[in-house]
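Just so you know, these numbers come straight off a predicted model, no measurement behind them. Residue numbering restarts at 1 for every chain, and letters A, B, ... go by the order of the sequence lines. Just so it is clear, the values below take in all heavy atoms, side chains as well, and ignore hydrogens, waters and symmetry mates.
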There are 2 protein chains.
Amino acid sequence: MQIDAVDQRIIASLAADARATYADIGAQVSLSAPAVKRRVDRLRAGGVIKGFTAVIDPAAVGWTTEAFVELFCTGRTTPAQIGAAARRHPEVVGAYTISGEADALVHLRAADMAHLEQALERLRAERFVTSTRSMIVLSRLVDGVPSAAGPAGTPAKPAATRSR
Amino acid sequence: MQIDAVDQRIIASLAADARATYADIGAQVSLSAPAVKRRVDRLRAGGVIKGFTAVIDPAAVGWTTEAFVELFCTGRTTPAQIGAAARRHPEVVGAYTISGEADALVHLRAADMAHLEQALERLRAERFVTSTRSMIVLSRLVDGVPSAAGPAGTPAKPAATRSR
DNA sequence: AGTGAAAAGGATTTAGC
DNA sequence: GCTAAATCCTTTTCACT
């Protein structure tokens with residue numbers, strides 16, 4: 001899908017405040033409200049904008065314990081299998097296949113240590129998991145609060161990627 | 001701050017669709033639109049809802065390369081120092097102090113490998129960083145798309161946390 | 001193809017209760 | 001927290017470039 005500079009700015013604006021009115025966004029990008037809506041509709045239909053969500057303080061809703069878990073899997077385990085398994089556990093907020101020692105990295109969020117341990121047990125019970133290595137989150141320093149200057153807000157290829 | 005069961009459901013609804021109208025949310029939780037707005041205003045003021053954002057497909061905006069980097073720091077490095085440093089780099093979308101071998105885990109998102117390498121170099125140049133270990137993301141299996149059944153959508157302490 | 005203007009239908013928000 | 005009313009936004013249609 002094709003997205004131009006104006007689309008980029010609309011995306012940045014929505015990332016910073018998903019409840020902004022089309023008129024407000026239009027003022028930022030010098031477009032009328034209907035024009036903005038048409039572009040947003042197009043971006044949504046094209047899968048560029050996957051949805052709109054509220055940024056919640058996890059602690060405030062009682063999810064105070066977080067961990068990243070490296071998964072070591074049996075030889076013939078597909079990413080799809082890992083993904084399907086990860087989605088079965090509500091505590092999983094992120095899952096990635098990775099290069100390096102481990103096969104996958106799973107981001108867990110739980111109510112407390114006991115809950116986290118329980119989720120971890122469930123995860124380890126998956127047939128393809130041979131072992132795990134956990135990193136408990138002690139403090140969240142930065143966490144996906146798009147501050148208009150984040151990835152979505154900057155040009156697609158910032159600065160340039162020349163090698164040195 | 002105090003949040004009741006109705007607040008929880010409103011949060012879940014907004015996490016699933018931040019652009020839902022107050023009337024729609026009200027229909028889900030059996031409240032009138034103004035009542036929902038008052039609660040949302042209160043939740044925002046109390047910091048429970050930190051904002052509203054669009055969920056963007058990183059690939060669509062040209063950020064195709066992602067990595068998790070374990071940071072090993074010098075003895076007397078504070079979380080605040082690491083957090084401040086992390087926020088200086090726009091490629092950082094998450095940063096956490098963790099238990100285990102490393103001191104911190106940083107989630108990076110970049111346009112391509114060259115850009116990622118450049119960001120990593122900048123990060124390694126921070127005075128308190130002694131060494132790093134990178135895990136390149138090969139595929140994103142799950143990534144914070146609150147499907148109404150995620151953390152924010154479930155009761156604060158799901159199931160119970162009894163030990164076995 | 002894409003934009004702006006206008007009108008009809010809703011949503012938000014401020015009241016009063 | 002609800003209802004009601006005024007204001008503002010959204011969304012469609014249509015004409016223009």
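In this structure, CG of A:Asp7 is placed 10 Å from P of C:dG2, rounded to the nearest angstrom. Summarising the geometry, the separation between OH on B:Tyr22 and C1' on D:dT10 is reported as 15 Å, rounded to the nearest angstrom. Summarising the geometry, the separation between CG on A:Leu31 and P on C:dA1 is reported as 18 Å, rounded to the nearest angstrom. Between A:Arg44 atom CZ and D:dT10 atom P there is a gap of 14 Å when expressed in whole angstrom units. For the pair A:Arg39 CZ and D:dT11 C1', the computed distance is 18 Å after rounding to whole Å. Separating the CD1 atom of A:Ile25 from the P atom of D:dT11 is a distance of 11 Å, rounded to the nearest angstrom. Between B:Arg19 atom CZ and D:dT11 atom P there is a gap of 8 Å when expressed in whole angstrom units. Between the NZ atom of A:Lys37 and the P atom of C:dG2 there is a distance of 15 Å, rounded to whole Å.
Among the atoms of the strands shown, only primed sugar atoms or phosphate atoms (P, OP1, OP2) are found under 4.0 Å from some heavy atom of A:Thr21. Among the protein residues, A:Arg42 comes within range of no part of the nucleic acid, since none of its heavy atoms lies under 4.0 Å from any strand.
Judged by distance alone, with hydrogens and angles left aside, B:Arg38 brings a side-chain donor or acceptor within reach of the base of D:dG1, the pair sitting under 3.5 Å.
When each of A:Val129, A:Val106, A:Thr132 is checked for a side-chain contact (heavy atoms from CB on, under 4.5 Å) with A:Leu123, only A:Val106 meets the rule.
Ring pair A:His107/B:Tyr96: centre-to-centre distance below 6.0 Å. For A:Phe68 and B:Phe68, the distance between ring centers is under 6.0 angstrom.
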Next on the checklist: Set out, in order, the CA-CA distance, both residues' side-chain angles and the distance that settles side chain to side chain donor-acceptor pair (under 3.5 Å) for A:Thr97 and B:Ser139, then state yes or no.
Outcome noted: CA-CA 5 Å; A:Thr97 53; B:Ser139 69; 2.6 Å; yes
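Place A:Pro34 and A:Asp24 on DNA chain D by their nearest nucleotides, and A:Asp24 ends up nearer the 5' end.
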